[in-house]
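Beneath this line is the structure, given in structure tokens, with notes to follow.
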Amino acid sequence: MATELIWLGHGTWEIAAEGGRVVLDPFLDDNPVAAKTADQVEADYILISHGHYDHMADAEKIARRTGATIIGCYEICEYFRRRGIERVCPMNIGGTCQQPFGRVKMTPAWHSSTLPDGTPGGAAAGFLLFLPEGNAYFACDTALMQDMTLIGRVGLEIAVLPIGDNFTMGPEDALEAVRLLKPRRVVPVHVNTWPVIQQDVQSWAQQVQRETQTEVILLQPGQSLRLA
Ligand code: NI
Ligand code: MN
């Protein structure tokens with residue numbers, strides 16, 4: 001089975017891989033553009049990039065119903081442990097862990113990470129997934145950073161980048177991120193969920209296609225792509 005990446009809107013993804021079903025940054029029931037409700041998601045693993053509501057709003061609900069293991073920064077896993085969720089896999093920036101669906105590396109992100117109860121969520125992160133058909137980099141919420149040069153050196157089949165601006169990098173910096181990462185394909189996310197992160201995705205795509213070797217994949221929430 002080829003790994004399928006399904007964008008559920010904003011920063012939320014479902015990854016259907018041979019070794020299990022993964023949900024990244026579940027934000028569904030209060031997400032104005034979500035393609036599914038939290039009840040419709042099946043998961044074995046839940047990846048959480050940082051403690052903000054628009055990245056983990058439905059994590060607890062999904063974890064309780066499915067028994068999925070939560071993978072995230074140490075402080076985020078402790079937060080879920082305090083709430084009675086035992087299946088957690090605490091990590092931190094730069095570390096990797098082997099999971100049945102592939103190896104997970106927690107990458108740096110320039111962002112903040114306060115949890116819903118006001119406690120610190122540790123460092124904000126992105127995820128580099130070493131999947132059977134290729135490497136997928138989810139930048140999650142971040143500014144443009146030079147570290148992307150290093151991240152790109154592993155060879156990326158796909159990069160998922162925020163382009164909404166205001167809370168993360170905007171279109172101009174995301175174009176520069178593509179130049180640093182050099183992925184085969186790029187998907188823009190964290191955009192057009194609300195007016196504050198409204199951008200012209202089409203014209204960004206045209207500029208990336210014109211100025212880099214990377215192919216831009218524009219998805220609507222609910223649409224998916226196959227890895228390799
Ligand atoms: Ni955030
Ligand atoms: Mn966000």
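Numbering of ligands and ligand atoms starts at 1, following listing order.
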Tally of protein N, O or S atoms, where distance to the Mn ion (ligand 2) is under 2.8 Å: 4
Residue pairs, two or more places apart or on separate chains, that pass salt bridge (charged side-chain N to carboxylate O under 4.0 Å, His left out) and touch residues 192-208: none
Charged N-O contact under 4.0 Å between [X] and [Y]:
X: E157; Y: R226; value: no
X: K61; Y: D39; value: no
X: E60; Y: R64; value: yes

Residues that E14 engages under side chain to side chain donor-acceptor pair (under 3.5 Å), provided they are two or more places apart: R21, K36
Atoms of the protein (N/O/S only) found under 2.8 Å from the Ni ion (ligand 1): H50 NE2, H52 ND1, H111 NE2, D141 OD2
Any side-chain heavy-atom pair of H52 and F167 under 4.5 Å: no
Ring centers of H190, H55 separated by less than 6.0 Å: yes
Parallel, tilted or perpendicular: rings of F27 and H10 (30°, 60°): perpendicular
Exceeds 12 heavy-atom contacts within 6.0 angstrom, atom CZ of F130: yes
